[in-house]
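All remarks here apply to the structure that follows.
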Amino acid sequence: MSQLVKDPKEKSFFTTLAESPSTNEFIKGIWKDNPVFVQVLGMCPVLAVTNTAENALAMGFATTFVLVMSNILVSLLRNVIPKEVRIASYILIIATFVTITDYAIQAISVDLHKSLGAFISLIVVNCLILSRAEAFASKNTFIPSVLDALGMGLGFVLALFSLGALRELLGNGSLFGMSIFSDNFQEWIVMILPAGGFFTLALWLLLFNILKERRSHGK
Amino acid sequence: MLNKTLHISTSPHLTKGITTVDIMKNVVYALLPVAGYAVYAFGWDALFLLATTTLSAVITEHYLCMWSGKPTTVGDWSAVITGLLLGMTLPPAFPLWMAFLGGVIAIGLGKYVFGGLGNNSFNPALVGRAVLQAAFPVAITTWSAAFVSDRFFGVSSSLLAQPFMKPTYDAVSGATPLSAFKFDGVLTGSYELAFGMVGGSTGETSAIVILAGGLYLASRNMLNWRIPVSILSTVYLFSAIFHLINPETYPTASFMMFSGGLMLGAVFMATDMVASPLTPTGVVIYGVLIGLLIVIIRIWGGLPEGVMYAILLANAVSPHIDKITQNRVYGTTKQRQTA
Amino acid sequence: MENESLWYIFINASLISNFVLAYFLGICPFLGVSGKLDTATKMGGAVTFVMLISSMCAYGINALLIAINAPFLQLISYIVVIASTVQLVEMFVKKMSPALFRALGIFLPLITTNCAILGLALFQTNKGYGFIESLVYALGAGIGFTLALVLMAGIRQRLDFADSPKVVKGTVITLLIAGILSLSFMGFSGLGG
Amino acid sequence: MLEEKSSIEVFGQVKNTFKHGIHPPEHKDETNSLPIRQFSFAPVVTLPTAQHLGKPSKIIVREGQEVLRGQLLAEADGYMSVPLHAPVTGRVRKIANVPTISGKMVPGIYLESLEGAGQEVIEGEEVSLESSPEEILSGIQHAGIVGLGGAAFPTHVKLKIPDGKHCDTLILNGVECEPFLTTDHRVMLEQSEDIFLGIRYVMKATGAKNVILGIEANKRDAADFLKSKVPVDLPLEVRLVPVKYPQGAEKMLITSLLGVEVPSGGLPIDVNAVVINIATTAEIGRLLPHGRGIQERVITITGPGVKQKGNYLIPIGTPLRYILEEVGVEGTIREVYMGGPMMGVAVSNLDISVTKGTSGVVVFAEKNVTATQPEYPCIRCAACVDACPLSLNPSKLGILAKNESYDLMAEEYNLMDCFECGSCSYVCPSHIPLVQYFRVSKSIVRKRAAKKQPTHA
């Protein structure tokens, strides 16, 4: 992964942005430490709700919301929470925000809530959120924690969207519910089935691996 | 002439003389009559379909080898088998572009990612077929009738559907004996089944031709006869028992034996050496497992046919079967149980 | 859904709607500990065990929450209960059977963040299962999880010695195999109905 | 055709066989009817001091010394060693390193035969049947006798019953399951008196009460002949066993004749049996009454590359080049094996001489050898699993060997039980050199074990 930064061309693109450390906190989650494609975290929602682009985005933003909020709270309370019960407290904080999100989504769109089902509640056990709380927010101040959460969340959204879009496009011939191809397009039903989730994620990871391979060869 | 440098090899200096390529070629020979009968029954449709899947499998194998910088393994003939078998599991009027895709998936997903010949955990043709089944459930269950009079005067329109487009079907389409039984309660006669006078996948229609191919391979020791024998006897036994208990609900044993993909699956698919267990006890357990799963899925499942799923599931179990059925090593007292 | 037979609940949880292969629950341990058969079996056992216990707890809590009319506390109390159950089970097993603890020890803490456990509690509540039904559902889910894990372990152990391409090694091939297994499990659809 | 024949035999005698095994073409018809003939003396014989398993013998002659046929050239160096006797009457030309089949040069003697010398064998001190078991064993050692079947294990060590064990059954190995070889067959037909006498010596030495001679069913004539000749007071039972490779392996023969298995890692004596090769028995009967040392042995010179195939009585130390010049070869020779084609070793150099363990020389000419087949991946056809006489899993072992998991092979897949019979490689359609893998793996495992445990001796 580090080759990406060392690569001279990439560097020129990143240099200006990466001047300040806080920009880096934000950027790393999107590409270098992408929670899904690089860290392979939070797989359940990645696979379960990415059968359409809309679900994927909704799930992504819901997760990002919980991620940002819990990071904020954890970074603010990091000196208050006793070390022994910190994990339990993090889980409580996360569970609270997930419950809020759950009710909020129900209020915004019942259909969406239905199609995401129990997976909204399952954000609680998304290892991404707990790992950011423990690994970053508990050791950093407010601003970097927010940036880190936003970056990771955005990276998560991007990953979910790239899966959801591909699966919906092939599996249903549409994007956000709008038909893209001609009426006669033959849907690949497998893509919106569970197996399609496994295959699509594998495909994206494979692409990442091939890219990595190419770059390390090119060096 | 005693001064020439001698050739050094390690013992044993004799080999039986049968090569892996010989085995693969002979499987192809055994499949050719099945393919021929399919063309006879379904006309040009079957010919184009089988040619497409075979070509697609071979091309995929070749390009994947090139892509990973290895010498091409097309020469071992295993891709031809995969292609032919895949074609035989598809309906005769299956759109060619889907069939081509199936060949790519069979070799790419079913074989290449596992490390090529000798490493595939599942039967590659069935992996291809399973993906196609899940992707295009309508196309793969739209059957055309066998021995249609104009089968040698052109091809079905669905066959030539444009890539990525839905096929349009000619008026005539036949149900398979299994789906006719499952959904309409109609029982097809044994004679029609044995000689493939029925609708169904391209290669599965005539049990006799398939059995002949199996016998040929078994006689040349290129096919483990224990597998088809244990599958078929399990299916026979259980369906006979159920038929005895309640002849109204459950079909006769011979109907179960000769309908659907059972013969093709038992003789040519389940016997894929790479994906089946090694030990003599292991293959029997494997066969019985497949037979049981077929009966369970056909009788109680939501699908009319379960051969493909049964074999794929048994493939997944076969490493474990191997593990618990290791031969007792000479001079040791207990069965070796490897962790 | 009162007319679901126990048999159907079991088949559905273990095979048709397998937690791993159809609901993607417990993917992290599925990817993580499916490399060796030995650990896979133990992990499966531990998960099944915890599922049974937390299913009982969840049933009780749900009844309580409905009684005091505070369903919004559902998620929070579930996660707290599961986390503490795992802790209790860990301590209990350590006391009662050191051998079992040695076998399951390192897996128990991991289970806290296993979404299959929370998923099970949520699903059984959503489906409105009674006590016995919940237990059968938990047993089926646990066995289904173990089955998926064990099948994957067998295949992956064979792959250790295979010449699979470098770019697919690791997570990619595991996901691909999971996909194929998921397709194979589709054969069970409609069973037990 | 051959397979059919043997399967009928198997059918008639279902019980007296071992599991699995293979049926390679026998190629014995070319030589099994040819009587043993004395081979001429080579002008120079080369005698390595390491012709047996164990410590090489110690040379006691000096360069230029004249020796008589049968005279001691080198004496045993310890218990796991046997002496070496002069195979011809002649003069020690040189004491120097000589080439051996393993490719190593070992200390040895170049012995020039004297033309016109009488070549009578000198006699030593008789070891009578009345001697004690220890005296017989020592007589066997002094005669320089080793297992003539191929392993060249010192016979007196093999016949020594360890303390706390006892021998019920003496098994004579007249199986000769290697294709092409017919020496034991001819010995059984021509040296029955030596064999019977040898049996008496060995019975005395081991204390065995029963003697079973196992003969493969393709040598029925030898079995019938010996049956008709057995002296009334000799408790010898001659039994036919099915034609199947590797029937001649000690463990397999015990299972076929006694119906028991030698425990993994154990020896025949663990099932109260001792196995000895039939030609070795004949040699004991021939040499001990005269106190002589071994100076020649019966060797089958055969293979499609040989003109005058046959069973010859050849002085130990005769160079292969001399032998092949005498019998004549067809065209250009390409491969020469010492021993049979299944377990024998390919020869790189015709200056190597035949030793006490050489049971046959098989020659293939250029035109008889098909091009080496490329290796394919293992397709798990299970042919090897069905062939392995020890019920090992060669397929799995081969995959593990390729991945260098040697410890796993030894601990969980019984690698060390493999005795390299070659059945798995013979049947493998993918031409995976399984036996070669196992040979290498075994030596690595042995080295690792030796490193772990500092030597006790």
Side-chain angles (χ1 to χ4, degrees), chain B residues 64-65 67-70 105 108-124 126-135 137 182 274-275 293-294 296-323 338-339, chain C residues 5 7-8 11-12 15-18 20-22 34 36-42 44 103 146-193:
Chain B
L64 281 176
C65 285
W67 185 67
S68 42
K70 288 180 193 158
I105 293 168
L109 176 62
K111 189 171 162 194
Y112 174 76
V113 297
F114 287 91
L117 179 64
N119 296 314
N120 46 294
S121 292
F122 300 91
N123 182 321
L126 286 182
V127 170
R129 151 95 202 200
V131 172
L132 288 181
Q133 166 104 47
K182 184 128 205 161
V274 183
L293 284 169
I294 291 173
I296 289 171
I297 293 173
R298 278 190 184 177
I299 291 186
W300 293 292
L303 304 161
E305 176 60 307
V307 174
M308 172 182 81
Y309 296 111
I311 296 175
L312 283 175
L313 288 165
N315 283 165
V317 184
S318 71
H320 299 291
I321 298 180
D322 252 349
K323 212 144 265 183
T338 50
Chain C
S5 70
W7 179 236
Y8 173 77
I11 294 287
N12 186 41
L15 299 178
I16 305 171
S17 306
N18 184 286
V20 179
L21 300 174
S34 61
K36 290 262 174 297
L37 180 64
D38 189 37
T39 45
T41 334
K42 284 175 182 160
T146 313
L147 186 65
L149 211 60
V150 165
L151 288 183
M152 179 60 92
I155 296 171
R156 279 182 65 180
Q157 270 190 341
R158 228 187 106 185
L159 277 178
D160 283 349
F161 302 111
D163 192 20
S164 59
K166 207 176 140 209
V167 284
V168 304
K169 279 209 163 128
T171 317
V172 177
I173 184 110
T174 314
L175 287 169
L176 290 175
I177 296 169
I180 298 174
L181 281 178
S182 172
L183 285 179
S184 315
F185 270 59
M186 283 170 66
F188 292 120
S189 65
L191 273 186

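Chain A is the first sequence line, chain B the second, and so forth, proteins listed ahead of strands; every chain is numbered from 1.
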Check your understanding: Does any non-hydrogen side-chain atom of V168(C) lie less than 4.5 Å from one of Y112(B)?
Key ->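 Result no, sub-4.5 Å side-chain heavy-atom pair not found.
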Review point. Do M186(C) and Q133(B) touch side chain to side chain, with heavy atoms closer than 4.5 Å?
Key: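 Heavy-atom side-chain distance check fails, nothing below 4.5 Å.
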Rounded to the nearest 0.5 Å, what separates atom [atom1] in [X] from atom [atom2] in [Y]?
X       : Y       : atom1 : atom2 : value
L191(C) : I299(B) : CG    : CD1   : 11.0 Å
L303(B) : S189(C) : CG    : OG    : 4.0 Å
S121(B) : I177(C) : OG    : CD1   : 6.0 Å
F114(B) : D163(C) : CZ    : CG    : 14.0 Å

Atom pairs and distances, donor-acceptor, side-chain atoms in residues 149-156 of chain C, under 3.5 Å, two or more places apart:
from	atom 1	to	atom 2	distance (Å)
R156(C)	NH1	L31(C)	O	3.1
R156(C)	NH1	S34(C)	OG	2.7

Review point. When heavy-atom pairs shorter than 4.5 Å are enumerated against chain C, which of N119(B), I296(B), D322(B) gives the highest number?
Key: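 The answer is N119(B).
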Practice item. Please name the pair of heavy atoms, one in A275(B) and one in R158(C), separated by the smallest distance, quoted to 0.1 Å. Key: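 Nearest pair, atom of A275(B) first, then R158(C): CA-NH1, 4.5 Å.
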Point to revise | Contact summary for L181(C) and A316(B), nearest pair of heavy atoms | key: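 Distance-wise, the nearest heavy atoms are CD2-CB, 3.7 Å.
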Review point. Under a 4.5 Å heavy-atom cut-off, does chain B meet the side chain of I180(C), its backbone, both or neither?
Key: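 For I180(C), side-chain heavy atoms alone lie under 4.5 Å from chain B.
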**Study point:** Part of S68(B) lying under 4.5 Å from any heavy atom of chain C
**Key:**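 No part of it gets close to chain C.
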Check your understanding: Contact part of L64(B) toward chain C, heavy-atom cut-off under 4.5 Å: side chain, backbone, both or neither?
Key ->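 No part of it gets close to chain C.
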Practice item. List for me each residue that meets side chain to side chain contact (heavy atoms under 4.5 Å, CB included) alongside L312(B), sequence neighbours excluded, and say none if there are none. Key: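 Result, side chain to side chain contact (heavy atoms under 4.5 Å, CB included) vs L312(B): F122(B), L126(B), V127(B), A130(B), M308(B), N315(B), S184(C).
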Check your understanding: More than 12 heavy atoms of other residues, nucleotides or ligands under 6.0 Å from NZ of K166(C): is that the case?
Key ->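 Atom NZ in K166(C) is not packed in, count stays at 12 or less.
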